[in-house]
> 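Before I ask anything, here is the structure I am working with.
Below, chains carry the letters A, B, ... as their sequence lines are ordered, and counting in each starts from 1.
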Number of protein chains: 4
Amino acid sequence: MTASAAMTLTFVTEARQNELVSIESPRRGRPRSVDADEAILSATLELAGEVGFRGMSMDVVAERAKVSKATIYRRWSSKEALVLAALRSAIGPLDDVDLGSVRSDLEAYLGDLSTRMQSGKMRDVLPHLIDVAAHDAQLRCSLDDYVAHRRRPLIAILERGIERGEVRDDIEIGVVVDAFVGPFIYRKLLAGGDLGPKFAQQMIDLILPNVEA
Amino acid sequence: MTASAAMTLTFVTEARQNELVSIESPRRGRPRSVDADEAILSATLELAGEVGFRGMSMDVVAERAKVSKATIYRRWSSKEALVLAALRSAIGPLDDVDLGSVRSDLEAYLGDLSTRMQSGKMRDVLPHLIDVAAHDAQLRCSLDDYVAHRRRPLIAILERGIERGEVRDDIEIGVVVDAFVGPFIYRKLLAGGDLGPKFAQQMIDLILPNVEA
Amino acid sequence: MTASAAMTLTFVTEARQNELVSIESPRRGRPRSVDADEAILSATLELAGEVGFRGMSMDVVAERAKVSKATIYRRWSSKEALVLAALRSAIGPLDDVDLGSVRSDLEAYLGDLSTRMQSGKMRDVLPHLIDVAAHDAQLRCSLDDYVAHRRRPLIAILERGIERGEVRDDIEIGVVVDAFVGPFIYRKLLAGGDLGPKFAQQMIDLILPNVEA
Amino acid sequence: MTASAAMTLTFVTEARQNELVSIESPRRGRPRSVDADEAILSATLELAGEVGFRGMSMDVVAERAKVSKATIYRRWSSKEALVLAALRSAIGPLDDVDLGSVRSDLEAYLGDLSTRMQSGKMRDVLPHLIDVAAHDAQLRCSLDDYVAHRRRPLIAILERGIERGEVRDDIEIGVVVDAFVGPFIYRKLLAGGDLGPKFAQQMIDLILPNVEA
DNA sequence: GATTAACCGAGACGGTACGTCACGTCTTTAA
DNA sequence: TTAAAGACGTGACGTACCGTCTCGGTTAATC
């Protein structure tokens with residue numbers, strides 16, 4: 001449950017049956033259309049970008065994807081689950097590159113983070129997911145999964161720093177991660193300031209010295 | 001409740017006409033009922049606390065406040081606007097106490113912040129407001145107002161620190177505010193860790209040394 | 001309760017207090033504005049003509065008449081009462097002219113009737129009154145009054161015919177009146193055919209021979 | 001009930017798609033529930049009979065018919081359209097029986113008409129429909145339809161009379177129909193007299209002699 | 001003149017129904 | 001068995017209008 005196995009697993013939580021089709025049980029009846037999956041996710045991303053999550057209705061997604069609503073609900077249990085899946089599919093894999101020093105790793109990671117956040121692509125999706133997750137245990141769980149996924153590279157950076165003796169070994173890694181990531185989220189969702197590389201640099205200058213050994 | 005009510009209402013952008021009543025206003029026609037304002041906001045807070053934003057319907061708010069729906073919509077243009085107003089009225093005035101040093105001021109402020117956040121009173125409201133604000137300019141504006149209001153005491157603390165020479169004068173105050181507040185928001189909405197005083201202390205230890213002169 | 005006394009009385013049922021002011025009780029306090037009465041009735045007629053009774057709201061009547069809603073309700077107890085009053089004020093007195101023969105009297109009366117009906121002035125008001133009267137005793141009563149008022153000249157024509165020996169004395173006058181007037185109402189409200197003088201003539205040719213002595 | 005239901009529905013202009021089903025229609029998707037149609041119309045008739053058109057709310061109709069409001073509005077565009085449809089379905093097919101002579105046919109038809117009118121079943125509905133139709137083209141059209149439907153048997157009676165030489169061939173049939181039916185409508189809606197068989201007989205005596213050859 | 005009672009405008013209020021919309025489910029026929 | 005189409009129950013939304021009520025202010029007749 002630690003490594004990439006868990007990761008992979010959680011990432012297919014919702015897509016209930018596509019994989020393994022060929023391996024076991026030739027599955028009588030008409031097989032699910034793979035095109036449909038893509039069309040639905042793609043339409044979801046498009047629409048969420050255009051009118052926001054809230055303005056996006058399942059009927060319109062179905063229409064845009066040239067798919068029936070039932071087909072969507074056969075794959076994802078709710079609007080939120082669909083959007084979460086779309087969100088995941090949009091991020092792609094996060095690469096944990098080791099550039100040799102904590103500072104340069106942080107610069108790379110936070111730079112990447114701010115870039116992603118600035119692109120408005122899924123800009124209004126997160127708030128909605130947070131909102132709904134507050135009342136929906138299953139979505140909460142999926143969302144936690146997603147968050148953990150996003151935090152992992154940063155955790156790795158700090159762990160490597162500790163191993164190399166660059167970083168104090170008495171810090172709580174989770175807290176430091178919060179300190180680095182929190183301000184970005186806050187600005188994005190509420191405070192509304194600039195999210196460019198300069199901000200990333202400022203955060204590093206503000207926090208890093210106190211975690212260095 | 002009259003004095004603070006009026007004060008609070010000043011922040012309620014949506015309450016289109018109440019403010020400044022005392023200064024100059026022959027104000028023709030039947031005046032808006034102050035009782036209604038209070039009853040509505042109070043019912044909103046109650047319900048949002050009990051069943052969350054999503055589970056709260058305008059009809060029930062009206063019923064609980066012994067008020068007609070029209071009376072609510074005469075004051076606030078939407079459910080969101082109402083809840084935002086309720087949120088504001090719930091905070092009440094934030095007191096900017098000067099305890100003599102930046103560190104103690106920060107401890108007080110962040111301690112208070114974490115306390116407020118832990119109390120689930122309006123726990124699920126904020127995400128929804130953020131969500132809707134993403135596509136509703138007016139609400140966005142009101143929300144910004146609210147955020148600015150919340151940031152003000154922290155800004156004051158830092159400014160006093162600069163005056164006193166405790167804090168470096170080459171920092172961007174806004175950035176530091178983000179660094180302090182962001183992690184709380186992030187934990188609350190996404191990361192989901194502890195928000196107790198220990199976390200506040202950790203953030204101070206992590207950031208404060210680098211802003212001190 | 002038989003003669004013109006009743007008639008006069010019933011016709012002022014709604015206008016509760018204007019008349020007789022001078023005779024008794026000089027009525028302390030500010031007297032009702034006569035202009036308001038006129039403006040309201042006039043606005044009512046205008047609007048009923050433009051958008052129909054149903055599309056006409058009391059707020060708009062008040063606005064158009066430059067009068068407050070309370071001023072309207074002080075005079076008439078409901079929308080329907082107002083419209084009925086407007087309807088009456090629009091008809092004016094019906095003249096019962098004696099042209100010497102039943103046929104010529106009928107031609108005059110029905111010609112006038114068709115003319116009035118064709119003018120769309122109050123074309124949509126009657127149906128609504130009928131509608132509401134079905135559930136409102138007071139309005140029903142006022143409407144009956146109005147109907148009786150409209151029938152009277154025709155009754156007089158037939159009574160004169162009987163006196164003169166032109167008309168059989170074994171007919172029920174009420175039935176004959178219904179036979180003459182009914183088709184106009186029916187066409188106007190439901191069947192929707194022409195209402196010109198030709199139709200009037202056709203009705204006379206169809207019915208009169210059988211009532212002649 | 002299936003056969004006559006379909007037949008009745010043909011007249012229901014508003015029921016946008018049911019008719020012609022049998023001729024050609026693979027009709028994809030879930031078909032409209034026939035039960036729902038019947039339940040709605042039936043509930044409408046019941047309620048309109050009990051509390052009148054005005055007192056009848058769509059929510060209650062829906063509740064009584066165990067159907068959602070949306071399901072009603074999917075079939076009829078407004079309260080009025082629904083009631084009109086209910087009115088039609090209530091009449092059922094009018095039978096045009098040939099009793100051999102115009103007089104006996106008329107006696108049968110007008111007797112039936114007066115019976116129907118006396119039963120207060122839909123007694124207050126017609127005025128409202130007339131009222132609304134005055135400003136609603138679509139409803140006007142449907143109402144005209146309905147009226148034409150009701151007139152047809154009487155027209156047939158007169159045409160047979162002409163063929164048989166019983167009735168003059170220089171009359172305008174429409175005018176004669178108005179002469180016969182108008183008085184009933186007038187009494188019902190405005191004048192308010194008796195509508196029993198005696199009245200029917202009186203109308204026949206008054207008008208028929210002048211249309212006989 | 002001062003009082004007083006009734007009026008006036010503006011507009012807020014409770015109530016009730018309206019018609020719309022979206023979600024997620026269910027029911028058909030076709031592939 | 002899945003797909004497309006689309007009807008369905010549920011339930012909240014925001015709007016409209018009615019008739020009432022509450023303000024501050026005005027207008028005569030009475031004291």
Side-chain angles (χ1 to χ4, degrees), chain A residues 27-33 35-36 54-60 62-63 65-74 76-80, chain B residues 17 25-33 35-36 54-63 66-79, chain C residues 17 25-33 35-36 54-60 62-63 66-80, chain D residues 17 25-33 35-36 54-60 62-63 66-79:
Chain A
R27 284 242 164 256
R28 305 217 311 171
R30 179 171 170 177
R32 286 209 183 150
S33 158
D35 293 350
R54 173 147 273 255
M56 177 191 102
S57 79
M58 295 301 267
D59 292 75
V60 175
E63 189 184 0
K66 291 177 205 253
V67 141
S68 83
K69 259 201 303 180
T71 300
I72 301 179
Y73 280 101
R74 215 172 281 122
W76 296 279
S77 59
S78 69
K79 187 181 178 183
E80 283 73 28
Chain B
Q17 106 182 191
S25 59
R27 281 279 166 237
R28 308 231 291 179
R30 178 173 173 173
R32 294 237 174 115
S33 157
D35 291 352
R54 313 215 112 209
M56 179 191 102
S57 81
M58 296 300 266
D59 292 76
V60 176
V61 171
E63 190 183 0
K66 291 178 201 228
V67 142
S68 82
K69 249 202 308 180
T71 297
I72 301 179
Y73 281 102
R74 215 172 281 123
R75 288 164 163 76
W76 298 281
S77 59
S78 68
K79 190 180 176 183
Chain C
Q17 104 180 194
S25 77
R27 286 242 162 256
R28 305 224 311 175
R30 180 173 173 174
R32 291 217 179 135
S33 157
D35 292 351
R54 175 147 273 254
M56 177 190 102
S57 79
M58 295 300 267
D59 292 76
V60 175
E63 190 184 0
K66 291 175 204 247
V67 141
S68 84
K69 258 203 302 181
T71 299
I72 301 180
Y73 280 100
R74 214 173 282 123
R75 289 162 163 76
W76 296 279
S77 60
S78 70
K79 189 181 178 183
E80 283 74 29
Chain D
Q17 107 183 188
S25 59
R27 281 272 165 242
R28 310 231 295 178
R30 178 174 176 176
R32 295 244 171 107
S33 160
D35 291 352
R54 312 216 112 207
M56 179 190 101
S57 82
M58 295 301 267
D59 291 77
V60 175
E63 189 184 0
K66 291 176 199 233
V67 142
S68 81
K69 247 198 316 178
T71 297
I72 301 180
Y73 280 102
R74 216 173 279 121
R75 287 165 164 75
W76 298 280
S77 59
S78 69
K79 190 181 177 184

> How many whole angstroms separate atom CE of Met56(D) from atom P of dT16(E)?
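Going from Met56(D) (CE) to dT16(E) (P), I get 18 Å.
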> I want to verify a distance call: between dC8(F), dG19(E), dC23(E), whose nearest atom is closest to the Asp59(A) side chain?
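The listed nucleotide nearest to Asp59(A)'s side chain is dC23(E).
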> Among the nucleotides dC13(E), dT27(F), dT2(F), which one has an atom lying closest to any side-chain atom of Arg74(B)?
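When the side chain of Arg74(B) is considered, dC13(E) is the closest of dC13(E), dT27(F), dT2(F).
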> State which of dT20(F), dC23(E), dG14(F) makes the closest approach to the side chain of Tyr73(C).
dT20(F)
> Both Glu80(A) and Gly29(B) contact DNA chain E. Which one's nearest nucleotide lies toward the 5' end?
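Result: Gly29(B).
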> Expressed as a whole number of angstroms, how long is the span from Glu63(A):CD to dA3(F):P?
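It works out to 19 Å between those atoms.
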> Looking only at heavy atoms, what is the nearest atom pair of Arg75(C) and Ser33(C), with distance?
NH2-O, 2.8 Å
> Could you tell me whether Lys66(B) contacts a base, only the sugar-phosphate backbone, or nothing, with contacts defined as non-hydrogen atoms closer than 4.0 Å?
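Counting heavy atoms under 4.0 Å across all strands, the contact made by Lys66(B) is with sugar-phosphate only.
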> So, taking the atom named OG in Ser57(A) and the one named CD in Glu63(A), what distance separates them when rounded to the nearest 0.5 Å?
8.5 Å
> May I ask you to evaluate whether Thr71(B) reaches the phosphate of dG14(E), defined as a side-chain N or O under 4.0 Å from OP1 or OP2?
yes
> Consider the side chain of Ala70(D), meaning its heavy atoms from C-beta on, and name the nucleotide among dT10(F), dG6(F), dG24(E) that approaches it most closely.
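Among the listed nucleotides, the one closest to the side chain of Ala70(D) is dT10(F).
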> Can you tell me the distance, in whole Å, between the CZ atom of Arg32(B) and the P atom of dA12(E)?
5 Å
> Here's a test of your reading of the structure: between Val67(D) and Ser68(A), which maps to the more 5' nucleotide of DNA chain F?
Ser68(A)
> Taking atom C1' of dT20(F) as reference, at what distance in whole Å does atom CZ of Arg75(C) sit?
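These atoms are roughly 17 Å apart.
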> Measure CG/Asp35(A) against C1'/dT2(F) and give the value in whole Å, please.
14 Å
> Identify, with sequence neighbours excluded, every residue that meets side-chain hydrogen bond (donor to acceptor under 3.5 Å, both in side chains) alongside Ser68(D).
Thr71(D)
> Output the rounded distance in Å from CZ (Arg30(C)) to P (dT27(F)).
6 Å
> Consider the side chain of Ser57(D), meaning its heavy atoms from C-beta on, and name the nucleotide among dC13(F), dC18(E), dG25(F) that approaches it most closely.
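Per side-chain heavy atoms of Ser57(D), the pick is dC18(E).
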> Side chain of Lys79(B), heavy atoms from C-beta onward: which of dC13(F), dC21(E), dC18(F) has the nearest atom to it?
dC13(F)
> Could you work out, with side-chain contact (heavy atoms from CB on, under 4.5 Å) as the rule, every residue matching Lys79(C), not counting sequence neighbours?
Phe53(C), Met56(C), Met58(C)
> Which pair of heavy atoms, one from Ala36(A) and one from Val67(A), lies closest together, and at what distance?
CB-CG2, 4.1 Å
> Separation of Lys69(D) atom NZ from dC13(F) atom C1', in whole Å?
10 Å
> Between C1' on dG6(F) and CE on Met58(A), what's the gap in Å once rounded to a whole number?
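My rounded result for the distance is 16 Å.
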